[in-house]
Amino acid sequence: MSFQNAYSAYQKTNVNTASQGRLVVLLYEGAIKQLTTALTFIDEEGKIKPGDIEKFGICIQKAQAIITELEVSLDMEKGGDIAKNLMSLYVFFNEELVHASISRDTEKINSVLRMLKELAESWKIIANSTANAPAAKVENALNILG
């Protein structure tokens, strides 16, 4: 088994056995990873090398897909104001990333990145306490974490 196959098997097992809270943390970590990688393609002048434009776009798209997954997983009936506030944040994040992708605005990416990191830290605390019920089917998460 190659390293990549072993890593993929580990990642799949990690996601399939994660609690609901841990799965949310994994999604946040995936979005953070994608945005951090996207920033590496933008130089100090706000330019991207022609060979890196597609890679940059893919990173932004993956981050948006993860944020959208977080958005659609919200239980608006049971979540009350917290769910409504998270929904507003996720919509804002995706709008900022659309603009950042077009204008290559590192400040917008960094702003979203900072907020995602804060939310991830909060979810880590939650995942280690009350949100430890086994996760439901999570096959879609595998496609957006990588």
Side-chain angles (χ1 to χ4, degrees), residues 4 7-44 46-146:
Q4 188 60 37
Y7 179 73
S8 293
Y10 166 78
Q11 192 175 30
K12 184 174 183 176
T13 300
N14 190 29
V15 171
N16 285 335
T17 60
S19 67
Q20 290 176 343
R22 178 69 185 133
L23 186 55
V24 172
V25 171
L26 289 172
L27 289 169
Y28 277 113
E29 288 173 347
I32 289 165
K33 176 184 171 188
Q34 293 302 322
L35 293 180
T36 301
T37 302
L39 286 170
T40 66
F41 297 117
I42 304 174
D43 66 19
E44 299 82 32
K47 296 182 181 179
I48 302 174
K49 294 177 189 171
D52 291 337
I53 293 171
E54 183 178 8
K55 294 174 193 172
F56 170 79
I58 289 170
C59 288
I60 297 293
Q61 289 171 357
K62 283 184 177 183
Q64 289 176 300
I66 292 168
I67 293 165
T68 299
E69 184 69 23
L70 288 164
E71 190 177 327
V72 299
S73 70
L74 291 171
D75 186 335
M76 300 306 286
E77 289 179 25
K78 293 180 185 174
D81 287 340
I82 293 172
K84 289 176 189 172
N85 291 335
L86 284 172
M87 176 67 79
S88 295
L89 270 176
Y90 297 153
V91 169
F92 172 75
F93 291 165
N94 272 332
E95 287 174 357
E96 288 292 280
L97 292 176
V98 166
H99 296 294
S101 180
I102 294 166
S103 63
R104 299 179 178 125
D105 186 338
T106 57
E107 266 311 303
K108 286 186 186 287
I109 296 171
N110 277 315
S111 175
V112 171
L113 191 54
R114 278 190 299 276
M115 289 185 268
L116 284 171
K117 286 178 179 179
E118 288 177 25
L119 287 166
E121 287 305 312
S122 297
W123 273 101
K124 284 178 186 175
I125 294 167
I126 293 167
N128 289 327
S129 60
T130 60
N132 285 321
K137 291 220 171 219
V138 293
E139 288 127 9
N140 288 340
L142 285 174
N143 295 328
I144 58 178
L145 289 176

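Residues: numbered from 1 along the sequence shown. Computed from heavy atoms alone, side chains included, the values below leave out hydrogens, waters and symmetry copies.
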Compare every heavy atom of I42 with every heavy atom of G46, then report the nearest pair and how far apart it is.
-> CA-CG2, 3.6 Å
Under the side chain to side chain contact (heavy atoms under 4.5 Å, CB included) test, which residues partner S111, sequence neighbours left out?
-> R114, M115
Could you tell me which non-hydrogen atom of R22 sits nearest to which non-hydrogen atom of A127, and how far apart they are?
-> N-CB, 3.7 Å
Taking only residues two or more places apart in sequence or in another chain, which ones pass side chain to side chain contact (heavy atoms under 4.5 Å, CB included) with T40?
-> T37
Between atom CD1 of I109 and atom CZ of F93, what is the distance when rounded to the nearest 0.5 Å?
-> 13.5 Å
For S101, what residues pass the side chain to side chain contact (heavy atoms under 4.5 Å, CB included) criterion, not counting sequence neighbours?
-> F56, I60
Minimum side-chain heavy-atom gap D105-H99 below 4.5 Å = no
Answer yes when K55 and D52 have at least one side-chain N-carboxylate O distance shorter than 4.0 Å, and no when they do not.
-> yes
Interatomic distance, L89 atom CG to L119 atom CG [nearest 0.5 angstrom] = 6.0 Å
Residue pair M87 / L74: nearest heavy atoms and the distance that separates them | N-CD1, 3.5 Å
Kindly give the heavy-atom pair with the smallest separation between A100 and K108, and that separation in Å.
-> CB-CB, 3.8 Å
Specify the closest pair of heavy atoms between I67 and L97, including all atoms of both residues, with the distance to one decimal.
-> CD1-CD1, 3.7 Å
For the residue pair I66 and A31, what are the closest heavy atoms and their distance?
-> CD1-N, 3.4 Å
Could you walk me through whether E71 and N94 pass side chain to side chain contact (heavy atoms under 4.5 Å, CB included), step by step?
-> CA-CA 10 Å; E71 190 177 327; N94 272 332; 4.0 Å; yes
Can you check whether L35 reaches N110 side chain to side chain, under 4.5 Å on heavy atoms?
-> no
In Å and rounded to the nearest 0.5 Å, what is the NZ to OG distance from K117 to S122?
-> 14.5 Å
Does the side chain to side chain contact (heavy atoms under 4.5 Å, CB included) test come out yes or no for I48 and D43, once each step is laid out?
-> CA-CA 6 Å; I48 302 174; D43 66 19; over 6 Å; no
With sequence neighbours left out, what residues match I58 under side chain to side chain contact (heavy atoms under 4.5 Å, CB included)?
-> E54, K62
Euclidean distance, L23 CG relative to S73 OG, rounded to 0.5 Å = 8.0 Å
What pairs of residues pass the side-chain hydrogen bond (donor to acceptor under 3.5 Å, both in side chains) test when at least one of them lies in residues 79-90, not counting sequence neighbours?
-> Y28-Y90
Sequence neighbours excluded, the answer for salt bridge (Lys or Arg N to Asp or Glu O under 4.0 Å) partners of K124 is E29, E121
About how many Å separate OG1 of T106 and CD of E44, when rounded to the nearest 0.5 Å?
-> 10.0 Å
How long is the gap from CH2 on W123 to CG on L70, to the nearest 0.5 Å?
-> 9.0 Å
